[in-house]
Amino acid sequence: MAAETLATPDTDPASPAPSEGTAAPQKKIGETLLRADNITLSFGGVKALTDISFEIREHEILAIIGPNGAGKTSMLNVINGFYHPQQGRIMYLGAERRAMRPHLAARQGIARTFQNVALFKGMSTLDNIMTGRVLKMKSNIFQQAIFWGANQREEIAHREVVERIIDFLEIEAIRKTPVGRLPYGLQKRVELARALAMEPKLLLLDEPMAGMNVEEKEDMCRFILDVNDEFGTTIALIEHDMGVVMDISDRVVVLDYGRKLADGTPDEVRANQDVIDAYLGVSH
Amino acid sequence: MLYREAGQFKTSYGADQAIFPIRQDQIAIALMAAIAVLAVPALASEYFLETIFVPFLVFAMAALGLNILTGYCGQLSLGTGGFMACGAFFSYKLTVAFPELHIIIVFLLAGLGTAGVGVLFGLPSLRIKGFYLAVATLAAQFFLVWMFNKFDWWTNYSSSGVISAPPRELIPGIFITGNQADPVTKYLFLLGFVAVLALVAKNLVRSRIGRTWMAIRDMDIAAEIIGIRPLWAKLSAFAVSSFYIGISGALWAFVYTGSVEALAFEINRSFQVLFMIIIGGLGSILGSFLGAAFIVLLPILLNNGMLAIDPTISTALVSHIEFMIFGALIIFFLIVEPHGLARLWQIAKEKLRLWPFPY
Amino acid sequence: MTEVSLPPAELDTFPKLLERHRAERPGRPAIREKDFGIWQTHTWGQVAEEVRNLAAGLFSLGVKRGDKVAIVGDNRPRLYWTMTAAQAIGAVPVPLYQDSVAEEMAFVVEHAEARFAVVEDQEQVDKLLEIRERCPGLTQIVYDESRGMRHYTQPFLHHFDAVQAEGQDYNKVHPDFYEDEIAKGKGSDTAIILYTSGTTGTPKGVILSFDNVMKTAANGVKLEGLTDTDESLAYLPMAWVGDHIFSFAQSYVAGFCVACPESSETVMHDMRELGPTYFFAPPRIFENILTTVMIRMEDAGRIKRGLFRYFMEVARRSGIKILDGKPVGMGDRLLYALGQVLVYGPLKNTLGFTRIRLAYTAGEAIGPDIFDFYRSLGINLKQLYGSTEASVFITIQPDGEIEADTVGKPALDVEIKIAENGEVMFRGPGVFVEYFKNPEATTETKTPDGWVHTGDAGFFAENGHLKIIDRAKDVGRVNDGGLFAPKYVENKLKFFPDIKEAVAYGHERDFCTAFINIDLVAVGSWAERNNVAYGSYQELAANPQVIEIIKGHIEKVNRDLAADPQLASCQIRRFLILHKELDADDGELTRTRKVRRRFVADRYDSLIEALYSGAETAYIETEVTFEDGRKGTIKADLQVIDVAVGPGGETMMKKAS
């Protein structure tokens, strides 16, 4: 009889419980997911990136920091396939790729958000996130033309997935609102939702917290950590807020004038003299 | 005001995704269907059917097609007339060569053929956009009309350069083309045919393929990063759009006018259909119908209106005034509501749903 | 069409009733929840199965007959199922208010000796973890929402699904367990312990038996003709007896469906979608809705506003009479019908009231204007009077005899008498068993022959309806012997949309005075329309124009009071407007938003001094608690205003000067 119970007998009811009881387990960071080797990118005569090499490991959160114009967004664009470097190569999932279109990067599991929010302004939040599911939809054009039957079942199944994401990012209340009407902070969250809908292996976030107030930043940090924790998604983000960077990232890459200054854990980077001179100023 | 949505709550995603989720809308549609199927054929004169309802349905088909390409996918096209010509001539050649082939199959095959042509002329869209793409589609327009005009093979070497639709039956005994077809039959056939294809268009537009079109239209960079292949999306839009436009051309030749020459599908036709979707509403199935109705009805109303005011008015003057008012109305609508009649309708509906509150 | 059918007498507990529903209406909706964008519906058959598994699961967890199970969270189907599941195995559910702070929870959990808790989400789990040391009896905690719970490794935390799965396995091995357990229950067993929110003193645990709850619920169902096709919205706290009767007991008795909104923010939106047929709201909510309607109409175009005004006049003339079935002329009827299409129908639709057959309100007096507004639209709004100790229903207004200032006639099987000191007493099937572990309070409240002291002063009007004046102990006397009924005065003041809260003083004083809280929404809207700038609530409350407006309201109330010689001495001589809203987080209001009179009097005693000393201004410094628990201080200099009084009040003035 007692063997069936779920309760593990609490030996001493008076023993003080651990204050929070939340033991965050050590995160297991995997092998290299993506490696950039000697990337050089120029536009006309301007060199945006010079000989950049670094790697992103599976399940980690990597922050890319540096002053404005350092080439951070260009670096993401190279990973994403928007820009093709003149020299250097990218190794992703063990295979080399050089020239790649963004939609091929998406098919390989790389999702991206933009500084200026690249949402489909005419559509509602729900429709925007549903567009993130197009790669996963399999119906052919005839099934779609008829709609009832296979296509409707698929639409409903994907709607369920999208609703889970909406619940996860707490945007239920704006589900049917056209995104053009939403405040900036919520638009960024919707964009994140759309990226998550792709079930990516690698998530590239370009200044996800730009223009947010303290509360919104906290929420966004929590969501990013939750995504990394619950789904194991590898995240590379460009961020200016040093507090956020120190808080949530596992490793940091510092760029300046298109060159890599430093690369290491947040503490290592913070103490690095070159970084302090170029970017951080007096270390705090 | 007429909406009573309290109590209409959705317990499944299927219900939430329905085309007409609100009961009052469902009633309205049912009513309209009843009027269209029962009242119109009973009450409207043959003249009305022939000059208003039949061309309205044919144009609605063309507008649907162009709306898919320009309204939903954002690819500006001025080749509509040329594609209509494709549909007309392909179906003529097909039905003359295979008279036993059922006419609906002929129309569908002609549509497929036009889709192929559309894909061909849509290839430049990967490289060029907007205004430049429009110019490229003009090439399609001029080339196609020239081709159908120049090569007598298309008209079966007829001396007049005109193709006449041979009589064809829908089911044995009921003719929908040729002299034996009566207006009521033609109207009902078109109503059914266009309704089914409009439903198909609505289904496509709310499925994956429709989303890829709209994503390309709204922000093609963002569309790429979620995995949409721009060339595929655009070409599929050209294909589906040309399918519809081709069928509308075939219907024009076979059901509406009965006989047609290539010049009927000149550049003016392209502009006419483009105006329909601009006034009706880009990116809206309803808008295609509203725009077609507007453009078909307006000249007739103006004509009859002016004749009613002054029966002695000269036809030349009537036609001049028609143009002026027509142009003025287009400008007026574009100023008042650039998103077209469909948007005006949407706003009116929202206000009715919120009545008596302003927001 | 379904008829009202009451359950037979042998189904004397909720679990037994549930089994009856499983047999008779397994496919009909029992409870809904808006989740993930749609209304997820559970039928009676499904609910019965869920409860069966949950009951076995709780048993496996160690819940024994007589154990108390604390339940904390928003209105969620799973928490309602926990109540039935606990009852099935002879345990007692003890719901807590979901927005209680840790100390409040600690008191109840400890006093009730709750050994188990079933809660909604991480927020509630965290609170319980905080108080766990003070409640050593609390052994197992079950939670439903797993969001944020990934790293909680305590062995005594269990996920709801796991408990149910365990129960399902147990049921397979012991298939008769559930039926056997249910059979052991009987009507006189404790069904639930509800802790009163305690306007005075510490909360008391009211023990209600199945008979108490089921009989009063059934009487209510019978009186109003509720059937299993009705739909209601469950949005009021589960710890409140009203929710337990309206959203749980009556749903079981009549078989109707209860709907839980997505979250507390979306209640009005979800109500609009749902269109319930049976609705309860405290007068405050009806007030707020009316205020927002008026404010939104202010912004409408001229045609709409004109139409609205015209047809609301028509409604005022004829609507209530039509609702009550009284004679109305043909022309007026046609006009009203036109109004239905143009104004009332759409208005009710946007509020979600289209399908309402019955709406109750209770808890405090409702302004006659507000009451009439809803009734004139054709919404059958009625007042009732009740308490936790009565299992809600003491009096209900019968259809056709509805007025704003009465609470109606005694409910079915309820007797009422008025004691010599004017206190209302009642007796009936819903009278509570006793207060848990508090025999003194029980004997104080309940006489040996079953009469309960309500603590309210009231009298029967000529039409047989009961009228409540005030809390019996609050009815006082001013120094010349005249009656002072603070609640009565405050209610009259709060009927004005500008006044959100009022606290009146006058017992054993020379005359009456009042604290006023302005309503930020209504006064803010006025300020916007009249280009009055303000930077904060405090600034708006001190604005001289606002003070003038409030003074005008008080003068009107004085005129009304002066008209009734018995109440003339309640007229207000002086008042001030408080610099901040009275708040439950600061302890000034209860969780059900009633004013804690004594606490407020203590806290603001310097202001009361100023009111009676004849001073022109009063200084106050108060400590406030912000929503996240931090504390701060607010200082203010408040103006004290004199008001004119009518006959009866003048004698007071003479004495004062």
Side-chain angles (χ1 to χ4, degrees), chain A residues 1-27 124-127 129-130 155-177 214-215 218-219 222-223 225-232, chain C residues 34-38 40 56-64 115-116 122 125-126 128-142 145-159 162-167 169-170 172-174 177 261-263 265-266 269-270 628:
Chain A
M1 196 32 259
E4 306 259 356
T5 65
L6 280 175
T8 5
D10 213 356
T11 45
D12 183 6
S15 65
S19 56
E20 269 298 324
T22 55
Q26 270 309 95
K27 185 161 65 171
S124 67
T125 300
L126 184 60
D127 287 331
I129 306 176
M130 284 290 272
E155 287 276 325
I156 290 179
H158 288 291
R159 171 79 187 266
E160 283 175 11
V161 172
V162 168
E163 286 287 345
R164 297 280 177 285
I165 297 177
I166 289 178
D167 183 62
F168 182 73
L169 290 179
E170 295 167 14
I171 44 179
E172 303 93 334
I174 52 167
R175 189 187 274 122
K176 301 260 170 109
T177 321
V214 173
E215 230 182 78
E218 275 180 18
D219 283 339
R222 179 166 53 93
F223 292 135
L225 285 171
D226 280 348
V227 168
N228 179 254
D229 187 33
E230 209 164 310
F231 305 122
Chain C
K34 182 129 192 243
D35 207 13
F36 298 125
I38 47 172
Q40 320 271 357
L58 288 174
F59 184 78
S60 306
L61 209 53
V63 178
K64 295 198 238 318
R115 291 189 40 224
F116 300 89
Q122 184 191 15
V125 169
D126 284 342
L128 284 179
L129 289 178
E130 209 183 303
I131 61 168
R132 209 166 159 257
E133 289 160 26
R134 280 176 276 180
C135 310
L138 185 62
T139 52
Q140 313 290 338
I141 301 177
V142 179
E145 272 280 340
S146 50
R147 182 93 202 272
M149 298 294 299
R150 276 168 55 89
H151 301 303
Y152 285 61
T153 53
Q154 292 89 328
F156 54 83
L157 288 178
H158 310 275
H159 189 245
V163 174
Q164 266 191 318
E166 188 76 16
D169 291 340
Y170 190 84
K172 285 203 194 96
V173 177
H174 306 90
F177 166 71
E262 197 166 14
S263 71
E265 287 92 45
T266 60
H269 175 266
D270 292 341
D628 57 1

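First the proteins, then the strands, lettered A, B, ... as listed; each starts at 1.
- Remark: C:R150 pairs with A:D229 by the salt bridge (charged side-chain N to carboxylate O under 4.0 Å, His left out) rule, at least two apart or across chains.
- Taking A:R164, A:E160, A:E172 one by one and counting their heavy-atom pairs under 4.5 Å with chain C, the maximum is reached by A:R164.
- Of the listed residues (C:H269, C:R147, C:E265, C:M149), the greatest number of heavy-atom pairs within a distance under 4.5 Å of chain A belongs to C:R147.
- Taking a cutoff of 4.0 Å between a charged side-chain nitrogen and a carboxylate oxygen, A:R175 and C:E262 qualify as a salt bridge.
- Put simply, the side chain of A:R159 does not reach to within 4.5 Å of the side chain of C:F36, judged on heavy atoms.
- With rounding to the nearest 0.5 angstrom, the OG atom of C:S146 is 7.5 Å from the CD atom of A:E230.
- Residues satisfying the side-chain contact (heavy atoms from CB on, under 4.5 Å) criterion with A:L225, sequence neighbours excluded, are A:I61, A:I248.
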